[in-house]
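A short write-up of the structure that comes next.
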Amino acid sequence: MAFWKPGTVAPGSTVDRDNEKEAGESIMAVANQSYRYLSIQQQRERLPIFKSRKELLYLVEKYQTVIVVGQTGCGKTTQLPQYLEEAGWAEEGRKIACTQPRRVAATTVAGRVAEEIGCNLGDKVGYTIRFEDVTSQNTRIKYMTDGMLFRETLIDPLLMDYSVIMIDEAHERSLYTDILLGVLKKIQKKRPDLRLIISSATLDAEEFQDFFNTNTSKDKFKDTCSIISLEGRMYPVDILYTVEPVNDYVEKTIQTVFDIHTKEPEGDVLVFMTGREEIDKVVNEISERASTLPRNALGITPLPIYAGLSTEEQAQIFEPTQEGFRKVIVATNIAEASITIDGVVYVIDCGFVKLRAYNPKTGMESLTVAPISKASAKQRAGRAGRLKPGKTFRLYTEQSFMELRDSSVPEIQRSNLAPVILQLKALGIDNVLRFNFLTPPPVEMMIRSLELLYSLNALDNVGRLTIPLGVQLAEFPVDPLLGKVLLASAEFHCSEEILSIAAMLTVQNVYVQPNRVPKDVLTDERRKFWVEEGDHMSLLNIYNAFTTRGKLSGKWCHEHYFNFKALSRAVSIRGQLKKYLARFNIPLESCLQRHGKTATGRVEATRQIRRCITSGYFSQAAKADVDGSGRFRTIRDNVVLNVHPSSVLFSRNAKYVVFHEVIETNQAYMRDITVIEPEWLSELAPHFYEYKK
DNA sequence: GAGCACTGC
């Protein structure tokens, strides 16, 4: 292919096998290939990490922190905790923890290790994720999400249960990974016996080392942190760059798919795009042009995958390729680390990703297309080398690749920090501005969040958590604004309704939009559940319909184009939030059941619910422009906002609203909106609005 | 007047 140029490190070079938990280190995967006759012990000894077993154990003995570098596919996630357990680190009732950024990873690895050890899951080996605690008194090795370990610090600030904590996939720099690193560094000062293992990609290892070495630099000259590199196991992936920069990567993608299809041996293709619109375009174009292929040629099956698809639609990509066809999977970033697809030999990488950013000046989040990092590019390329030697086509020049950031901006630098600040305060870290972050978030973002927490009355005027409100908001596993609404529901006598609304706001993708169904059919179906008061009350209707006449069934969701997975999750979340309300002594009351028998009672009840929502979301209020353009402006800062087209209130004439969130793409859109009366703002949040007016 | 990357408690 004349348009392509091999990368200078390309032929024969190996790329890390990205997600060793799915296949790479699995002894079962190995067993299925050629070592079926080996005992489990023999299989474990064949993994690349086994050669480093002694050295690893020596380092953990000697150093407080050990950084285990990259080269995934070596077995570190499943083997390292077992080595530690075998060496006695889990004796005397102590546990070994291993954190993962994603729930699926925690559960699947735990299952695999339990099988290797030959115990029931939840016995010697277990896992803990939100809504599922599969551990017992006997549990010695505990896999968990990073968010869950952070929750545990609120209960046991020194994490005394654990002798070793392994933070896996630290290079991903998830929000909770970053917070945990800061908190664990503090804990280490008080617990010299605690061992930390940070598993990271090569590029960040020294940053982690510098971070942990500063703990003791003042009086000792010896390092307390060591790095070890492990070799991985995966097939080589050739990397090809374009010779010239690409203007239209959607078109270039389609060309490349056909080039691969007509010139390369068999093997499926995985394409990385940024979002739904591009994916649909690529899939449609491929289908159309596929009909022009010669009659006797191999067929081509394009399939989309992104989070907004229903479970059934997502499942299609895992079905075996039809005889005589080549599968082309067109994906968002979901395929970079969350979903693993077997059979991929070719990867096409457009070089971009959609990222969420937080603007502290407006308090708005934006969703923008940005170039990926070198680490992401490497991760994407690695998806081609799981089955056999593969090829990755990067739709950018090698020069552009060299100019990419080494790794993505950590999540903590682009998030709303209000929840983080509350939780750090609850841990007794009063001066959050001086908290030891691996990479500190911008100071103005911290200050904006502190102001917001003060206006919610979660912090007092010297920045301490208020009692009980601030303390309760820190405990609640929801955003502080939503937490405030939940707590205020006592006053408005509508906790039953608010629980359902809060659960529905917390899950994503309540609606599914199958491509085969015409848009007006979808809209008509949705209107059956919609009410003029806005999205919150409509979500409540959907929740109630799902749990009563919908009988919690997948079939009902399918018929009405709702996402079954999302609604089921809402039911679990509601249950969890209900337990918190019970703990905070907030009575369960339903104003709709009490007053909803008559029309006027119903109107009054929904007013109460909307007032309750306003008592938490008063800072996110907007007023319609008088020109009838449908545009709004935030009441305090005059920022222009539009109604999101998915909202109940799209193309309806509301005057004053509060909104759950704003997503800024080409324009700023409010999502999940409720109609309010302006007097409620001065009544419920005079401190916030008094200088206006 | 017209749009929805991905996680986590």
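Labels below follow one simple rule: chain letters A, B, ... track the order of the sequence lines, proteins then strands, and each chain is numbered from 1. Reckoned from all heavy atoms, side chains included, excluding hydrogens, waters and symmetry mates.
When the side-chain contact (heavy atoms from CB on, under 4.5 Å) test is applied to Val521(A), the partners found at least two apart in sequence or on another chain are Val517(A), Pro518(A), Tyr561(A). Every ring-ring contact (aromatic ring centres under 6.0 Å, His included) that Phe435(A) has, sequence neighbours left out, goes to Phe437(A). By the ring-ring contact (aromatic ring centres under 6.0 Å, His included) test, Tyr669(A) pairs with His644(A), sequence neighbours left out. Residues forming a side-chain hydrogen bond (donor to acceptor under 3.5 Å, both in side chains) with Asp178(A) (at least two apart in sequence, or on another chain): Arg173(A). Taking the ring-ring contact (aromatic ring centres under 6.0 Å, His included) definition, one finds that Tyr249(A) meets it with Phe352(A), sequence neighbours left out.
Atom CG of Leu422(A) and atom C1' of dC9(B) are 13 Å apart (whole Å). Whole-Å rounding puts the Leu577(A) CG to dC9(B) P distance at 13 Å. At whole-Å resolution of the value, CG in Leu649(A) and C1' in dG1(B) are 15 Å apart. The distance from atom CG of Asn416(A) to atom C1' of dG8(B) is 14 Å, rounded to the nearest whole Å.
Residue Leu175(A) is out of contact with every strand shown, counting any heavy-atom pair closer than 4.0 Å.
Comparing Asp479(A) and Arg652(A) against DNA chain B, the residue whose closest nucleotide sits nearer the 5' end is Arg652(A).
Glycosidic conformation of dC6(B) is anti; the angle lies outside 90° of 0.
Checked against the 6.0 Å centroid criterion, the rings of Phe584(A) and Phe476(A) qualify as a close aromatic pair.
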_Annotated protein contacts, base or backbone, on nucleotides 2-7 of chain B with a non-hydrogen cut-off under 4.0 Å, one of B, S, - each_ = BBBBBB
